[in-house]
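Single-structure report; data block below.
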Protein chains: 2
Amino acid sequence: MAPEPPSPKRSRRGSGAVTLHDVARLAGVAPITASRALKTPQQVSEAVRQKVADAVARTGYVPNLLAGGLASTRSRLVAAVVPTISGMVFLETVQSLTEALAAHGYQLMLGQAGYSGNREDALLEAIIGRRPDGIVLTGIMHSAEGRRRLQAAGIPVVETWDLTPTPIDMLVGFSHSEVGRAVALYLHAKGRQRLGVVTGDDERARRRSAAFQAAAHTLGLPEVPIVQVATPTTLQRGRDGLAQLLAQQPRVDAVFCSSDLLALGVMTEARTRGLGVPDDLAVVGFGDLEFAAALAPSLTTVHIKGAAIGRQAAQCIVDRAEGRTVATPVVDIGFSIVPRQSA
Amino acid sequence: MAPEPPSPKRSRRGSGAVTLHDVARLAGVAPITASRALKTPQQVSEAVRQKVADAVARTGYVPNLLAGGLASTRSRLVAAVVPTISGMVFLETVQSLTEALAAHGYQLMLGQAGYSGNREDALLEAIIGRRPDGIVLTGIMHSAEGRRRLQAAGIPVVETWDLTPTPIDMLVGFSHSEVGRAVALYLHAKGRQRLGVVTGDDERARRRSAAFQAAAHTLGLPEVPIVQVATPTTLQRGRDGLAQLLAQQPRVDAVFCSSDLLALGVMTEARTRGLGVPDDLAVVGFGDLEFAAALAPSLTTVHIKGAAIGRQAAQCIVDRAEGRTVATPVVDIGFSIVPRQSA
DNA sequence: GTGAAAGCGCTAACAC
DNA sequence: GTGTTAGCGCTTTCAC
């Protein structure tokens with residue numbers, strides 16, 4: 001046999017998948033040219049473009065984005081962290097976030113922190129280790145330590161569903177205190193006197209409740225009893241919550257709930273007790289999930305533009321990733337009370 | 001100055017983050033040793049372990065999993081595909097999947113295919129390109145072309161929430177036809193005669209409906225009218241569905257709904273029309289979401305162990321990724337009818 | 001127990 | 001337009 005050229009010494013490694021090299025060889029061009037033909041077609045000649053396209057089709061080549069991300073330090077991965085996905089409140093946000101990102105070629109990694117922020121550390125490590133192009137934090141409080149790590153990592157961060165005085169980086173949210181105050185004013189305007197609260201025990205819900213309570217006080221209304229239930233809030237907890245509330249204060253005539261599901265529970269419990277909604281008891285929810293409008297009686301609730309939050313957050317991340325400066329890094333997206341039959 | 005050794009010619013690239021090299025230099029060992037100290041501590045001496053731990057703490061080093069994944073061809077990333085996250089049916093599955101994976105050091109990537117499988121192609125490309133260690137398909141039908149690409153990619157796949165005759169790879173599901181049949185038998189046993197269906201228009205829901213219809217026929221019951229509503233199913237669509245069903249067949253005395261939310265809509269609509277549930281109208285849902293048990297009347301529904309599905313799927317993927325053979329690659333996880341007040 | 005060398009598959013930088 | 005070179009940050013292989 002003829003002496004072989006220093007053979008590539010076929011490696012013991014690799015996934016065995018088709019690589020850009022294979023495509024390039026097949027197309028008769030250099031790897032970088034094949035790369036350009038795929039990423040920036042306007043930079044190569046029509047002939048090359050065609051040859052590469054053919055080679056891709058023939059081999060079924062799928063670019064390895066891990067390798068690309070490593071080389072370009074742009075992973076096109078975005079991490080989203082929610083307390084728990086089954087809370088339902090953030091579904092719309094996560095959905096629109098996923099879609100908006102996908103439209104730009106980014107992929108979403110989902111992390112669940114738990115409401116009690118103990119897994120936070122391991123989660124942060126897992127996330128930062130993946131070098132995402134951005135992190136979207138939704139509905140979670142984070143420890144000072146966590147904030148520091150995020151800042152140190154230098155990854156764009158968007159906090160959502162809240163307006164914190166000292167954001168880590170960017171922010172798309174609204175004021176929970178304002179919500180509480182607005183609902184108290186609304187119920188007072190409707191002539192309600194003896195207000196009550198059934199709320200999940202997470203930080204933001206508590207802030208709404210506290211503001212609600214304070215506003216009622218300012219309005220000269222009687223002390224507002226607050227029943228806290230475990231998070232995530234469920235229909236059953238809403239029922240239990242109302243039962244507890246009535247035990248404390250039998251004459252309540254309006255209840256502010258920290259979620260629509262909780263409100264549905266309150267309405268359900270009221271019905272089984274022969275309490276008419278809204279006649280005997282006004283009920284206000286939070287979130288304006290789809291079912292709120294369709295209930296009978298329909299549910300008065302606080303509408304949050306969850307989908308808009310997701311889209312905005314995606315836009316912030318993508319802008320940053322593409323090197324654009326984000327025009328408005330802090331957005332108060334507001335909220336609105338949707339008056340319906342229940343209050 | 002003394003002539004420098006061929007200087008590393010400080011690169012124009014890189015993220016600027018602390019790397020394993022930095023840690024190793026600080027600890028006074030070779031990079032590979034630092035790597036071992038972190039990944040397989042039992043392979044290095046106590047002294048080295050300590051020095052490396054110190055260096056990590058001092059620098060705040062977070063391993064770059066992209067690089068690790070590229071080198072080891074194990075990304076520790078798992079992709080999950082759902083039709084849309086806002087459908088709620090799969091929430092429990094996604095939640096337990098995320099958690100079970102996180103417990104093993106894997107991270108979840110979420111993809112939404114849409115019920116109408118047109119985005120499927122782009123999504124598959126995005127997923128495969130990330131070289132995940134596994135893919136979990138939940139509640140979606142996939143084109144023959146899509147199946148082929150998945151198989152060609154050689155990535156472990158777990159299909160869930162269905163029992164397909166020819167799985168792509170692994171499977172954790174149950175038979176939708178069996179569900180339809182079982183519910184028909186249940187209602188018949190309860191003495192119901194004029195059955196109806198309100199169903200989302202996705203493939204699996206249709207299969208349940210068809211089997212339900214066929215079983216009713218076999219039982220000698222009158223022809224079963226089926227009202228199809230758009231997916232995702234919502235409370236409002238349930239209300240509309242019942243209205244439509246009553247228009248077609250005013251004397252229905254039992255309705256099988258393709259989701260609990262739809263069932264809640266049907267119950268709501270029935271109540272506003274003065275139809276008693278279950279006296280005038282029996283209602284059966286599907287999914288057994290948390291609220292089903294807490295409604296008044298409580299909702300009879302088909303219970304699916306969503307969390308168990310997620311856990312099992314995670315186990316399948318992890319086992320495969322670690323090179324173990326999966327004992328039972330096809331699991332029929334079954335279902336059960338939960339008899340409650342509504343039927 | 002520790003290390004040197006050689007990539008994993010891709011792209012940034014700089015030629016030509 | 002196209003190619004060469006040199007990494008991105010890590011782990012595998014093989015040697016000591």
Side-chain angles (χ1 to χ4, degrees), chain A residues 6-25 27-52 56 59 61-76 128-131 133 323, chain B residues 6-25 27-52 56 59 61-76 128-131 133 323:
Chain A
S7 100
K9 209 196 221 165
R10 241 6 262 139
S11 62
R12 62 277 170 231
R13 290 210 267 166
S15 57
V18 182
T19 71
L20 186 59
H21 266 78
D22 302 329
V23 170
R25 197 175 337 117
V29 298
I32 183 64
T33 304
S35 173
R36 288 199 268 249
L38 295 171
K39 304 258 155 171
T40 50
Q42 71 280 11
Q43 287 195 29
V44 302
S45 69
E46 175 56 30
V48 165
R49 213 175 303 154
Q50 194 53 53
K51 282 190 294 185
V52 170
V56 168
T59 55
Y61 170 66
V62 180
N64 184 330
L65 301 176
L66 250 48
L70 179 58
S72 64
T73 60
R74 302 226 0 234
S75 61
R76 294 190 156 265
I128 296 175
R130 238 118 216 167
R131 304 293 191 265
D133 291 340
Chain B
S7 101
K9 207 197 227 165
R10 241 9 263 144
S11 63
R12 63 273 168 230
R13 288 211 268 167
S15 55
V18 181
T19 73
L20 187 60
H21 266 79
D22 302 329
V23 171
R25 197 177 335 119
V29 296
I32 182 62
T33 303
S35 173
R36 286 199 269 249
L38 295 171
K39 304 257 154 170
T40 51
Q42 71 280 10
Q43 286 194 30
V44 302
S45 67
E46 176 57 31
V48 165
R49 213 174 305 153
Q50 194 53 53
K51 281 188 296 184
V52 170
V56 167
T59 54
Y61 169 66
V62 179
N64 184 330
L65 301 176
L66 250 48
L70 179 59
S72 64
T73 61
R74 302 223 5 231
S75 62
R76 295 188 157 266
I128 297 176
R130 238 119 217 165
R131 303 295 190 266
D133 290 340

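Everything numeric in this text was worked out from a predicted model, so none of it was measured. So that the names make sense, note that chain A is the first sequence line, chain B the second, and so on, each numbered from 1.
Atoms CZ (A:Arg131) and C1' (D:dC8) sit 11 Å apart, rounded to a whole Å. Taking atom CZ of A:Arg25 as the reference point, atom P of C:dG9 lies 12 Å away to the nearest angstrom. Regarding B:Arg74, its CZ atom lies at a distance of 15 Å from the C1' atom of C:dC8, rounded to whole Å. With rounding to whole Å, A:Leu66 atom CG is found 11 Å from D:dC10 atom C1'. Following rounding to the nearest Å, B:Gln42 (CD) and C:dG1 (P) show an atom-to-atom distance of 10 Å. Distance CD1 (A:Ile32) to P (C:dC16): 17 Å, rounded to an integer number of Å. If you measure from atom CG of A:Leu38 to atom P of C:dC10, you get 10 Å, rounded to the nearest angstrom. Between A:Gln50 atom CD and D:dT2 atom P the separation is 13 Å, expressed in whole Å.
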What's the verdict on side-chain contact (heavy atoms from CB on, under 4.5 Å) for B:Tyr61 and B:Asp22, showing C-alpha distance, side-chain angles and the deciding distance?
CA-CA 9 Å; B:Tyr61 169 66; B:Asp22 302 329; over 6 Å; no
Evaluate side-chain contact (heavy atoms from CB on, under 4.5 Å) for B:Leu66 paired with A:Arg130, printing each intermediate quantity in order.
CA-CA 6 Å; B:Leu66 250 48; A:Arg130 238 118 216 167; 4.3 Å; yes
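Minimum atom distance to the side chain of A:Val29 is reached by D:dG3, of the listed D:dG9, C:dG3, D:dG3. Of the listed nucleotides (C:dC10, D:dT11, C:dT11), C:dT11 has the atom at the smallest distance from the side chain of A:Ser72. Side-chain atoms of A:Ala67 lie closest to C:dC10 of the nucleotides C:dT11, C:dC10, D:dC10. Closest approach to the B:Asn64 side chain among D:dC10, C:dC8, D:dT11 is made by D:dC10 (side chain taken as heavy atoms from C-beta onward).
At D:dC8, none of the side-chain N or O atoms of B:Thr19 fall inside 4.0 Å of OP1 or OP2 (strictly under the cut-off). One finds no side-chain N or O of A:Thr33 lying less than 4.0 angstrom from the OP1 or OP2 phosphate oxygen of D:dG1. Checking the phosphate oxygens (OP1, OP2) of D:dG1, no side-chain nitrogen or oxygen of A:Ser45 falls inside 4.0 Å. The side chain of B:Thr73 contributes no N or O atom lying less than 4.0 Å from OP1 or OP2 of C:dC8. Distances shorter than 4.0 Å separate none of the side-chain N or O atoms of B:Ser15 from OP1 or OP2 on D:dC8.
Taking CD1 of B:Ile32 as the start and CG of B:Leu20 as the end, the distance is 8.0 Å to the nearest 0.5 Å.
The residue among A:Ala71 and B:Ala30 whose nearest nucleotide of DNA chain C is located toward the 5' end is B:Ala30.
No side-chain heavy atom of A:Val52 sits under 4.5 Å from any side-chain heavy atom of A:Arg36.
On a pure distance criterion of 3.5 Å, a polar donor-acceptor pair joins the side chain of B:Arg36 and the base of C:dG3.
Although no hydrogens or angles enter the test, the distance criterion places no donor-acceptor pair under 3.5 Å between the side chain of A:Asp133 and the main chain of A:Arg74.
As judged by a 4.0 angstrom heavy-atom cut-off over every strand, B:Pro63 is placed among residues touching the sugar-phosphate backbone only.
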